[in-house]
There are 2 protein chains.
Amino acid sequence: MATTTRRTQRGAPSLSRERIIDAAIALLDAGGEDGLTFRALAQALATGAGAIYWHVADKDDLLDAACDAIVAATTAAAVDGATARARIRAIGLGMFDAIDAHPWVGTELARSPAKMPMVRILESLGRQVQASGVPERALWTATSTLLNYILGLAGQNAANRRLARERGLDSRDGYLDSVATMWAQLDAEEYAFTRSMGARLRAHDDREDFVVGIDLILDGIGMACPADAGGMPAKRR
Amino acid sequence: MATTTRRTQRGAPSLSRERIIDAAIALLDAGGEDGLTFRALAQALATGAGAIYWHVADKDDLLDAACDAIVAATTAAAVDGATARARIRAIGLGMFDAIDAHPWVGTELARSPAKMPMVRILESLGRQVQASGVPERALWTATSTLLNYILGLAGQNAANRRLARERGLDSRDGYLDSVATMWAQLDAEEYAFTRSMGARLRAHDDREDFVVGIDLILDGIGMACPADAGGMPAKRR
DNA sequence: ACCTGAACACCGTTCAAGT
DNA sequence: ACCTGAACACCGTTCAAGT
């Protein structure tokens with residue numbers, strides 16, 4: 001930020017929790033989870049490593065705060081949609097895109113349940129599931145199934161991005177290709193199903209498949225599908 | 001193993017990939033992901049840290065192999081069930097119990113997609129989804145939705161166990177209690193849904209909820225429910 | 001109150017040297 | 001072929017000392 005220099009001139013504290021979190025996010029985006037180091041952070045902020053500990057408890061605290069900054073912005077933005085179903089899709093897609101832009105968020109979500117980021121997602125989803133008319137006793141199961149699905153996919157996406165980066169395969173296609181090739185070398189009998197999915201793996205669109213999965217769970221919950229006439233669950237897709 | 005001593009006496013190689021993996025699993029079970037260290041491993045095997053690198057590429061390789069040993073045993077054991085639906089439940093529960101016994105497996109699965117452990121689960125699930133009569137074009141989505149749900153829950157369970165351990169809360173109840181207490185302190189309006197789920201959180205049974213989630217997804221897939229007369233998807237639970 | 005930066009106790013990994 | 005263990009290049013975290 002250009003304002004930082006001026007602020008420092010005036011003698012106001014040069015460091016703040018917010019500046020530290022912003023710098024941490026920048027490092028994480030640039031270099032993945034390995035990119036965030038107290039030494040790198042200190043250098044980026046032109047300070048000593050120890051100074052950071054005045055504003056932040058430890059690395060876990062910093063990671064949580066960075067993750068929460070992304071998740072809070074995402075859940076706050078995902079409010080569009082005419083129906084509850086559409087709004088649930090929007091929340092899911094918001095998380096998908098956020099993790100696409102910041103893969104480390106997917107890893108961090110898997111590491112820190114029961115913290116604020118998770119509560120935000122739970123609250124957003126739960127409200128919409130409730131609004132859709134799911135009966136009281138099914139609310140918890142329905143919402144946590146959705147949440148676990150989203151988290152599972154988030155973790156996988158994050159890990160895939162990390163592996164692609166480590167192997168120097170920048171393009172998503174190159175990475176999927178290498179996985180499909182590995183699948184093709186599996187035993188033909190023992191891994192018949194996996195092998196048969198190779199073509200699908202190469203061709204598939206993560207984001208599209210993600211929404212189909214959400215819809216499938218919503219069907220299972222028994223939530224009315226807007227395309228349906230009578231509001232009964234869709235039978236097949 | 002008792003035979004190890006004898007083997008060493010005969011001058012056969014004292015170290016093997018298998019022995020290393022077994023020792024790694026023991027360390028991971030005893031001390032979580034932090035418990036596995038090349039130094040601790042070397043000490044447990046009464047050898048030098050460098051010797052391990054003759055049998056194992058690096059820590060990632062070791063972690064993958066340890067994870068795969070657990071997952072392979074789990075998928076191989078989960079073959080029971082009269083219907084495809086029952087067999088899918090068995091696979092899911094097998095993974096649930098394996099991660100309950102070895103929480104680090106949940107973390108590792110989130111870290112290494114497209115490796116053998118994941119392929120094993122994908123294959124087991126996919127075969128049963130296929131056997132249940134899900135149409136060809138829906139196979140990929142149905143299977144990967146199930147897989148992502150299982151992985152998401154696996155990761156959360158693993159993280160919860162790790163946090164409970166770190167905070168010294170051995171009992172599961174104590175940990176859930178601390179989370180529920182945190183939820184109760186949230187803003188009453190902004191987090192109305194989460195707060196309303198506090199009682200459910202304290203009372204719920206992870207394992208039972210897990211199966212309900214699987215059933216819910218299977219309903220969404222449109223898989224026949226054995227309890228149903230006509231084989232149509234259940235409408236409500 | 002806030003910052004500095006050297007120091008501590010660890011890591012994973014490598015590698016010359018041994019057998 | 002297999003093992004040893006010291007050494008290297010890192011970590012997160014602490015803490016006396018400064019302003």
Side-chain angles (χ1 to χ4, degrees), chain A residues 4-5 7-25 27-28 30-67 104 107-108 111-112 162-163 166-167, chain B residues 4-5 7-25 27-28 30-67 104 107-108 111-112 162-163 166-167:
Chain A
T4 302
T5 325
R7 233 196 258 131
T8 311
Q9 282 175 350
R10 291 303 186 139
S14 63
L15 223 49
S16 70
R17 198 175 151 89
E18 209 192 354
R19 272 194 69 214
I20 292 172
I21 292 167
D22 285 348
I25 291 173
L27 283 176
L28 287 162
E33 15 258 337
D34 291 343
L36 179 60
T37 284
F38 274 84
R39 276 162 244 260
L41 197 53
Q43 195 181 7
L45 292 164
T47 180
I52 297 165
Y53 280 88
W54 184 262
H55 302 272
V56 145
D58 52 20
K59 198 174 182 181
D60 260 11
D61 179 31
L62 180 55
L63 235 22
D64 261 356
C67 180
W104 52 271
T107 313
E108 181 55 20
R111 269 176 36 84
S112 70
R162 188 174 53 77
L163 287 182
E166 277 172 13
R167 294 191 205 160
Chain B
T4 302
T5 325
R7 235 196 257 131
T8 311
Q9 282 175 350
R10 291 301 185 139
S14 64
L15 224 49
S16 69
R17 193 167 213 273
E18 210 193 354
R19 271 194 68 214
I20 293 172
I21 292 167
D22 286 347
I25 291 174
L27 283 174
L28 287 163
E33 14 258 338
D34 292 342
L36 179 59
T37 283
F38 274 84
R39 276 162 245 261
L41 197 53
Q43 196 181 6
L45 292 164
T47 181
I52 297 165
Y53 279 88
W54 183 263
H55 302 271
V56 145
D58 53 20
K59 196 173 183 181
D60 260 11
D61 180 29
L62 180 56
L63 234 22
D64 261 356
C67 180
W104 52 272
T107 314
E108 181 54 20
R111 270 176 35 84
S112 69
R162 188 174 52 79
L163 286 181
E166 277 172 13
R167 295 192 205 159

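Because only heavy atoms are used, hydrogens play no part in the values below, and waters and symmetry mates are left out as well, while side chains stay in. Letters A, B, ... mirror the listed sequences (proteins, then strands); counts begin at 1.
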Interatomic distance, B:Y53 atom OH to B:L62 atom CG [nearest 0.5 angstrom]: 9.0 Å
Pairwise distance CG(B:L27) to CG(B:L36) - rounded to 0.5 angstrom: 6.0 Å
Between protein and nucleotides 11-15 of chain D, what N or O pairs are separated by less than 3.5 Å?
residue: D:dC11; atom: N4; partner: A:R39; partner atom: NH2; Å: 3.4
residue: D:dG12; atom: OP1; partner: A:K59; partner atom: NZ; Å: 2.6
residue: D:dG12; atom: OP2; partner: A:F38; partner atom: N; Å: 3.2
residue: D:dG12; atom: N7; partner: A:R39; partner atom: NH2; Å: 2.6
residue: D:dG12; atom: O6; partner: A:R39; partner atom: NH2; Å: 2.8
residue: D:dT13; atom: OP2; partner: A:Y53; partner atom: OH; Å: 2.8
residue: D:dT13; atom: OP2; partner: A:K59; partner atom: N; Å: 3.0
residue: D:dT13; atom: O5'; partner: A:Y53; partner atom: OH; Å: 3.1

Rounded distance in Å - CZ (A:R17) to P (C:dC2): 14 Å
OP1 or OP2 of D:dC3 under 4.0 Å from side-chain N/O of B:H55: yes
Counterpart base for D:dG12, defined by Watson-Crick or G-U wobble contacts under 3.5 Å: C:dC8
Within 6.0 angstrom of A:E18 CD, more than 12 heavy atoms from elsewhere: no
Length of the line joining A:W54:CH2 and D:dG18:P, which is rounded to integer Å: 17 Å
Flag if over 12 foreign heavy atoms under 6.0 Å of CD, A:Q43: no
Inter-nucleotide P distance (C:dA17, D:dC2), Å rounded: 22 Å
Pair assignment for C:dT19, Watson-Crick or G-U wobble, requiring both distances under 3.5 Å: D:dA1
Name of the residue among B:E108, B:R162, B:R111 meeting side chain to side chain contact (heavy atoms under 4.5 Å, CB included) with B:E33: B:R162
Phosphate OP1/OP2 of C:dC3 contacted by A:S14 side-chain N/O (<4.0 Å): yes
Spatial distance of atom OG (A:S16) from atom CG (A:D22) [nearest 0.5 Å]: 8.0 Å
